[in-house]
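To keep things clear, I will list the structure first and then write my remarks on it.
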Number of protein chains: 2
Amino acid sequence: MSVEIKIGKREKAYELLQADAQKILKLIGVQMDNLTMPQCPLYEEVLDTQMFGLSREIDFAVRLGVVRADEGKELLSSLERQVSALHEASTRK
Amino acid sequence: MSVEIKIGKREKAYELLQADAQKILKLIGVQMDNLTMPQCPLYEEVLDTQMFGLSREIDFAVRLGVVRADEGKELLSSLERQVSALHEASTRK
């Protein structure tokens, strides 16, 4: 596969996954602003569902060979870190 | 993108999604064999979760440009048809 094409597909795949991760972060942020208590089951359910969806996208991208496994793992754990930071900040309010 | 490479990536993406669809069908089949009553909430939950996961993979593949939207839609509806046929067969047992 010529280098430019490979990078094109890789870059696009990675950008799509990063954009999806940002959407989840924004969704969780909005949820937290509107929630009286962040332990609310709905919040957990939305978060779990979205994280599951993103992890399936990442797994697919890795199996397709357009994203490296370590890149995918880092994307997910960085999102998890950001979400728990958001969560902590909201419980300190 | 040279034709062979494009087809290579497209074919691989489609094959991965088809294989994932077959895994869900098999999983649901096994569930049904072991379930006393197919209306059991666990069965519905497993099915919903797996279908949601596959739909996110398909959506990602379409946005990445490695699977056409109509192909993705057909893959999902064909799986839905097969699952409901399985479901009907198990309720007639």
As an exercise, state the distance from [atom1] of [X] to [atom2] of [Y], rounded to the nearest 0.5 Å.
{"X": "B:Arg10", "Y": "A:Leu64", "atom1": "CZ", "atom2": "CG", "result": "11.5 Å"}
{"X": "B:Thr49", "Y": "A:Arg56", "atom1": "OG1", "atom2": "CZ", "result": "9.5 Å"}
{"X": "A:Arg63", "Y": "B:Glu15", "atom1": "CZ", "atom2": "CD", "result": "12.0 Å"}

Is it the side chain or the backbone of B:Ser55 that comes within 4.5 Å of chain A heavy atoms, both, or neither?
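Neither part.
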
With a 4.5 Å limit on heavy-atom distance, are the side chains of A:Ile58 and B:Phe60 in contact?
no

